[in-house]
Amino acid sequence: MAVDDPGQQSGKNGAFHDEGPPSDMFRVRADVPSIPVVSEIPEHPAIIRRRKIIRVASIATAIATAIGLVALTVFLIQRSRLHAALDEAAWTGRTAAIERALSLLGDSNPPLQARLISTLALAGEPPGLDRAAELVGSLEDTGDSPDLETRMARTYLALARNDPQAAWKSVPGEVPSASNASEAVFARASAALARGDLSQAELDARTAVSLAPESPRYSALLAIVVARKNLADAIKALKALPEHAANAPSVSLAKARIFVAGRNASSAKTAIDALLSANDVTARERSWALALRGRLRAEAGDFSAARADARKAAPPPGDEAFRLALAETWLIAEDADGAERELKQAPIGISTNGPLRAQVAAWIALSRGKLDQAKNRLRQAGDGPKAQLLRARLHGARGNVERAEQIYRSIAKNKAYLTVAHAGLAALLVENGRAEDAVPLMEKVLKIAPNHPEFVPIAVRAQIRAGHPEQAMKLAHSAVRTHPRNVRVLAGLARAQALLGRHRAALESARKALKSDDRDPDLHALRGEAARKTGAFDESDAAFQRALKLKPQHAEALMGRLALMNDTNNVAEGAVVLKQIQHAELNSRQLDVERARHWVLAGEGFGAMRRMQAVLRRQPKEAALRLAMAELQLQAELFGAAERMFARAALLSSEDPREARIGSALALARAKKTHDASVLVNSLEQELSAAGRSKLPGRVRARLLVAAGRVELQRSNTTPAAGFARRALKLDAENSEAQLLLADIAEAKNRDPSSYLRKSLAARAPRGEGAGRLALRMGPTTEGCEHAKRYRSVARTGSRARWVNSLYRRCR
C-alpha cells in the first residue's frame, strides 16, 4: 500500500485514510482504538474538598482584611477625634469641648473621665462636685503611685473644694513627655497659685504655654500670675495673643481682673461685657464677671446695682482669690457684713494672697471702727497702694492727721490711685477744719472724674466748709442732673443741704433717695440726722433704728442716735447707745462732742472729768468740748476752774461765743464774784438787746437769767432773784440751775428747799450740789445715803465733801 502524501492521511484519531475512490481490490478501514482518549484526569474527592476549603479561606481572609482595614480606619479616626477633643478641652476649658471629649471617651479610661469631670466641677458646671468626688474616689492607685490622669483629677477636685493644700499634695511631679503633659503642668501651676507660690506657678504656667502656645486657657493663667508682680507685663502678654485666643472667655476674664486691679475701668468694662455676652462662658467665669462688674459699679457710686451683682455672684464656685475679690466689691459698696461672709468662707490655712486677705480683714475692721483690730491686720497687708490707703484711713481715724496726709500724698504719685488718694485726703482735711486746703484737691479729682457719685459729696462738703455754698450746690445739682436716680448723688445733695442748714430740704432729698434704695443704711442715717435737726424726733429715731438694723455698727447712725438722745434728754437710752459705740470702737471729733454732752446731761461731774481731759488732749481747740468740760466743773462745784474754761471756749468759738460768755457769768456768780458777774451779765444783756434775743436758744438765754438772779440773791434781793428764776424756767423747764436758785431763795426765807433740790436732780444736766444738800438734810437714811453716794461721785472735792463723806461712812 502506497501512500502518496503522508501528511494528508492523518485523521481525527491519528489514522490514515485514502481520500480517493476505494480500491476494488482492497477495502481499507480505519483503526478503532480500544482505549478511549482521556482529555482530563479526574481528581480525587479529597483534593476537591481541600481546594474548596482554600478558596473559602481565601475569600474569608480577604473579607476579614477588608473589615480590619475599615475598623482600623474607624479606630484611627475615632482616636484622632478623641485626641483633638481632649486637646480642645484642655486648651480652651470650654464645657462643650469637655462634654464632647467625655462622649467620645465613653466608659473607657476612668482616670481620664475623672479628670474631665473634675475640670467641670472646678468650672462650676454639671455634673458637679459630688459626681467628681465619686469618680475620683473610685480610682485605684496603680504601681507605686497614681497615674498622671488620676493625679490631675485629684488636683482639680481639691481646687474645686477650695483646698489648696490637698491640691498641692496631688499635683503631678516630674511630667513625662506625653500628650497630656501640658495639662499636667497647668494643673501644677494652678495648685501652686492656689497656695500662693508665685515662682512655681509662673514657672509651670510658662512651661504649659510653651507646650501649647495656642491655648488661651494656659495664657490666661500665666497672665494672672504675672499680674501679681507686674500689671504692665501681664497686659502686654495678653495683647500679644493671636485673635482667636485673645477673644476667648478665659482671656477676657484675665483681662478683666488685670484691668480692675490696674484701675482701668473702661477697659475692664469692655472685657467684662465680652465675657458676659459669650455663649460658652462657664459658671465660674460668670461669677467672676458679676463680682468685677459689681466692683466697677460700686466704684462709680451705684451701690444698689453693685450689691445686686454681688448677690448674683454668690455662692461662687471659685477659689480664695474670687472670695477676696467679691469681699472687696461688698466693701466698696459699703457692706462690711457681706465682705465678712465671703472672708469666712475663704480657705483656712495656706492663702493664695496673704497680703490681700489681710487688707480685706483690715478694711472690714476699719468699716466697723475697730481700729486696734485694723492695725493688727495691716501688719500683714504688705506695702502696696491699697494697703497704704487703709493705713492712711487708720491714722485719720485716730487723729494722726499729719501722718495720714503724708501717706495720702505719697499714694497720689501713682496715677491709678490719684483720685482716691486725693479724695481721701480731702475728706480728712474737711473733717479737721482745713476745707480751704481740700477744695483744690477735689477740683483736680473732679476734672478727672466729673460728677463722680463718690467724689462729688466730698467736694460739696469742702466747698461749704470753705464758705462757698453756691459752688457747693452747683456741684451737687450738676451731679443730680447727670445721675438723677443715683442714690449716692441724691444723698450728696441731701448732705449739701444739711451742711447749709437747709434741713427740711435735706430731709425731703433723703426721703426721695430712699425710694430708690430702701436698704441703704447711710441714707437712713442721713434721713435720721435731717429729721433730728428739724425736730421730727420720732422719724429721726425710726430712721436711725432702720440704719442700725441694716448695719448694726453704722457709725453715723450710732452717733446720730446718741445726739438724738442728748437732744431729748433721754440719758438712759443714751447710755445704751454709748455702749454700742464702745463695742464698735468708733472715734471721731463729733462723737467726742456728743459723748461729752451725754456726760454733762447725765450730771457725771467730777466722775467724767478725767475722761474729758483725755478728749481735750485729742481735740485741744474744740470749743464745744471746752464748754462741756466747763459744765462738768460746774457740776463738781469747781466754779473758778469752770469760769476759766468758759473763757477759753469763748476765745476758741468760731461761731457765737455768747454761750460760753454766759457760762462764764454763771460761774462767776456761783463763785460769788458778784461784781465781775454783774458787769458781764449787764454787758451780755445789752448785746442781746441790740442783736435780738431770738438768735440764741431759749435754753441759753435761761442761763443768763439764772446768772442775773444769782447776782440779785447775793445782794439779798430775793424777790427779783425769784423772778429771774421763774422767767428762766419758762424758757427752759429743765434748767437745773434755776431750781437750785429757788432752793437758795427758799433757805434765805427759812423755808424747806427739798422740793426744789429734788427737781434740780430730775432736771437736765443736774448738779452734784442738790444731792449733797439733800443727803445732809436726810441723814443716814436709805435715800440720804443714795444722795451721799451720788454727791461723792459728782462733786468729790465740793464745798460739802467733808460732811457728806462723814455721813457716807455712817451709811456703810
Side-chain angles (χ1 to χ4, degrees), residues 85-86 89-103 105 107-143 145-173 175 178 180-197 200-201 204-205 208 217-218 220-221 224 250 253 282-288 315-323 345-352:
L86 288 172
W91 295 348
T92 67
R94 297 304 92 201
T95 302
I98 296 172
E99 289 175 344
R100 187 160 48 252
L102 283 168
S103 176
L105 194 61
D107 295 331
S108 64
N109 202 334
L112 181 52
Q113 289 184 58
R115 190 254 287 180
L116 292 172
I117 290 179
S118 294
T119 306
L120 287 175
L122 182 58
E125 296 292 314
L129 196 58
D130 291 341
R131 177 58 179 154
E134 180 185 345
L135 276 177
V136 172
S138 68
L139 299 177
E140 294 182 2
D141 295 347
T142 57
S145 62
D147 64 19
L148 200 56
E149 292 294 352
T150 299
R151 282 187 171 277
M152 285 191 282
R154 291 175 178 174
T155 299
Y156 289 147
L157 177 61
L159 290 175
R161 286 171 164 170
N162 284 332
D163 190 346
Q165 292 170 308
W168 185 250
K169 288 178 181 178
S170 300
V171 294
V175 180
N180 56 1
S182 60
E183 182 70 7
V185 178
F186 175 82
R188 193 165 62 193
S190 300
L193 178 61
R195 68 197 300 266
D197 188 347
Q200 184 67 49
D204 286 331
R217 182 170 170 239
Y218 299 167
L221 178 67
I224 290 298
S250 55
L253 175 56
T282 66
R284 179 175 180 272
E285 289 165 345
R286 180 174 176 77
S287 289
W288 263 105
D319 50 21
E320 184 198 31
F322 178 89
R323 296 282 185 184
Q345 293 181 62
I348 298 172
I350 294 176
S351 174
T352 181

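In plain terms, the two heavy atoms of Pro164 and Ala194 that are nearest each other are CB-O, 3.5 Å. The shortest non-hydrogen separation linking Ala201 to Ala192 is N-CB, 3.6 Å. Ala132 and Ala121 make their closest contact through CB-CB, 3.9 Å (heavy atoms, listed as atom of the first residue, atom of the second, distance). Closest approach of Ser250 to Ala220, counting heavy atoms only: O-CB, 3.4 Å. Residues Ala205 and Ala189 come closest through the heavy atom pair N-CB, 3.6 Å.
Side-chain N or O atoms of Ser182 include none that pairs as donor or acceptor with a backbone N or O of Ala208 at under 3.5 Å. With hydrogens and angles disregarded, a donor-acceptor distance shorter than 3.5 Å links the side chain of Arg217 to the backbone of Ala90. Although no hydrogens or angles enter the test, the distance criterion places no donor-acceptor pair under 3.5 Å between the side chain of Asn180 and the main chain of Glu183. Between the side chain of Glu285 and the backbone N or O of Thr282, at least one donor-acceptor pair lies under 3.5 Å.
Salt-bridge formation is not detected for the pair Arg94/Glu125: no Lys NZ or Arg NE/NH1/NH2 atom is positioned less than 4.0 Å from an Asp or Glu carboxylate oxygen. Looking at Glu320 and Arg323, no side-chain N of the basic residue comes within less than 4.0 Å of a carboxylate O on the acidic one, giving no salt bridge.
Rounding to the nearest 0.5 Å places CD of Glu149 at 11.0 Å from CD of Gln113. Annotation: the span from Glu99 atom CD to Ile117 atom CD1 amounts to 10.0 Å, rounded to 0.5 Å. Atom CG of Leu221 and atom CG of Leu193 lie 6.0 Å apart (nearest 0.5 Å). Annotation: the span from Asn162 atom CG to Thr352 atom OG1 amounts to 10.5 Å, rounded to 0.5 Å.
The number of heavy-atom neighbours closer than 6.0 Å to CZ of Arg195, taken from other residues, nucleotides and ligands shown, is above 12.
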